[in-house]
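First comes the structure, then the notes that go with it.
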Amino acid sequence: MNKNQALIVVDVQNDFLETGSLPVPEGSKVIPVINKAMPLFQTVVLTQDWHPAEHKSFASNHENKKPYDVTTMPYGQQVLWPAHCVQNSKGAELAETLAVKGTEFKVRKGTNSEVDSYSAFFEADGKSKTILADWLRDRGITEVFLCGLATDFCVSWSALDAVKEGFKTFVLEDACRGIDVGGSLAAAKQQWKDKGIETISSNSLR
Ligand code: VGL
Ligand code: ZN
């Protein structure tokens with residue numbers, strides 16, 4: 001691996017595994033693939049969805065809404081989710097079998113209860129920035145490789161924002177799994193194409 005390449009492991013947390021509160025089909029299948037990819041990178045970022053219990057992306061925090069309904073928020077359309085990744089809960093912890101070394105850079109997002117934050121770079125209003133882009137640039141990173149959960153939400157939004165921040169962006173397709181609500185997976189893949197995001201297999205990493 002080149003020194004200018006970073007791996008961004010998105011939201012491999014208990015609540016997104018098959019037994020979690022917001023299960024991603026086959027979610028746990030990404031773990032062995034990511035465990036093989038991580039040692040190939042000098043720079044690894046781990047993200048965590050990290051919501052307060054009163055987070056507005058939870059259907060339970062709205063009247064007459066159920067999970068997977070769509071509502072309008074001040075910043076646009078919002079899918080309403082089952083409560084998930086509540087700060088300090090078991091569900092918010094990284095998957096136990098993820099081979100974390102402790103040297104990875106951790107980014108927690110979604111902490112503002114009024115705004116969702118699928119992306120590791122910006123909240124969904126497109127305004128509030130995390131420190132991730134500057135942190136990567138400070139380390140000379142120019143290319144990012146994304147993997148994790150879920151392909152069509154946090155992985156995709158992070159990939160699209162990585163492009164906005166000027167990084168050459170790749171998605172490790174076999175190291176992701178999606179949720180696919182309302183055609184979200186096909187829409188994500190079309191957007192990647194439009195923005196020059198390349199999809200590659202983790203087998204091609206050296
Ligand atoms: C995610 C839905 C809600 C994700 C996070 O990690 O893709 N999806 N919050
Ligand atoms: Zn979330």
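Both counts, for ligands and for their atoms, begin at 1 and track the order of listing.
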Item to complete: Begin with the C-alpha distance, continue with both residues' side-chain angles, and end with the deciding distance and a verdict on side-chain contact (heavy atoms from CB on, under 4.5 Å) for His51 and Ser113.
Response: CA-CA 7 Å; His51 298 311; Ser113 58; over 6 Å; no
Discussion item. Test side-chain hydrogen bond (donor to acceptor under 3.5 Å, both in side chains) on Glu18 and Ser28; report intermediate values, then the result.
Written reply: CA-CA 7 Å; Glu18 292 88 333; Ser28 64; 3.0 Å; yes
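- Atoms of ligand 1 found under 4.0 Å from any heavy atom of Leu149 (numbered from 1 in listed order, with element): 4 (C), 6 (O), 7 (O).
- Rounding to the nearest 0.5 Å gives a distance of 5.0 Å between CG of Asp11 and CG of Asp49.
- A donor-acceptor pair is defined here as one N or O able to donate and one able to accept, closer than 3.5 Å; such a pair exists between the side chain of Asp174 and the backbone of Ser202.
- Looking only at its N/O/S atoms, His51 has NE2 as the one nearest to the Zn ion (ligand 2).
- Remark: distances from the non-hydrogen atoms of Gln13 to ligand 1 are all 4.0 Å or more.
- Remark: ligand 1 and Leu22 share no N or O pair separated by less than 3.5 Å (distance only, no angle test).
- Residue Leu46 holds its CG atom at 4.5 Å from CD of Glu104, rounded to the nearest 0.5 Å.
- Residue-ligand proximity, Asp11 to ligand 1, at heavy-atom distances under 4.0 Å covers atoms 4 (C), 6 (O).
- Here's the thing with Phe16: none of its N/O atoms is less than 3.5 angstrom from an N/O atom of ligand 1.
- Geometry at the Zn ion (ligand 2): NE2/His84 and OD2/Asp49 form an angle of 100°, nearest 10 degrees.
- Residue Trp81 holds the heavy atom nearest to atom 2 (C) of ligand 1 of all those in Trp157, Phe153, Trp81.
- Short contacts between ligand 1 and Tyr118, defined as distances under 4.0 Å to a heavy atom of the residue, involve ligand atoms 2 (C), 3 (C).
- Shortest contact from atom 1 (C) of ligand 1 to any protein heavy atom: Cys154 SG, 3.2 Å.
- Within a 6.0 Å radius of NZ in Lys195, other residues, nucleotides and ligands contribute 12 heavy atoms or fewer.
- Taking the six-membered ring where the residue is Trp, the centroids of Trp81 and Phe58 are separated by 6.0 Å or more.
- Between Lys193 and Glu198, no side-chain nitrogen of the basic residue sits less than 4.0 Å from a carboxylate oxygen of the acidic one, so the salt-bridge criterion is not met.
- Around atom NZ of Lys29, no more than 12 heavy atoms belonging to other residues, nucleotides or ligands sit under 6.0 Å away.
- Residue Asp116 has no nitrogen or oxygen atom sitting less than 3.5 Å from a nitrogen or oxygen atom of ligand 1, judged on distance alone.
- Taking distance alone, with nitrogen or oxygen atoms compared against 3.5 Å, His51 stays at or beyond that limit from ligand 1.
- Protein heavy atom in closest approach to atom 5 (C) of ligand 1: Asp49 OD2, 3.1 Å.
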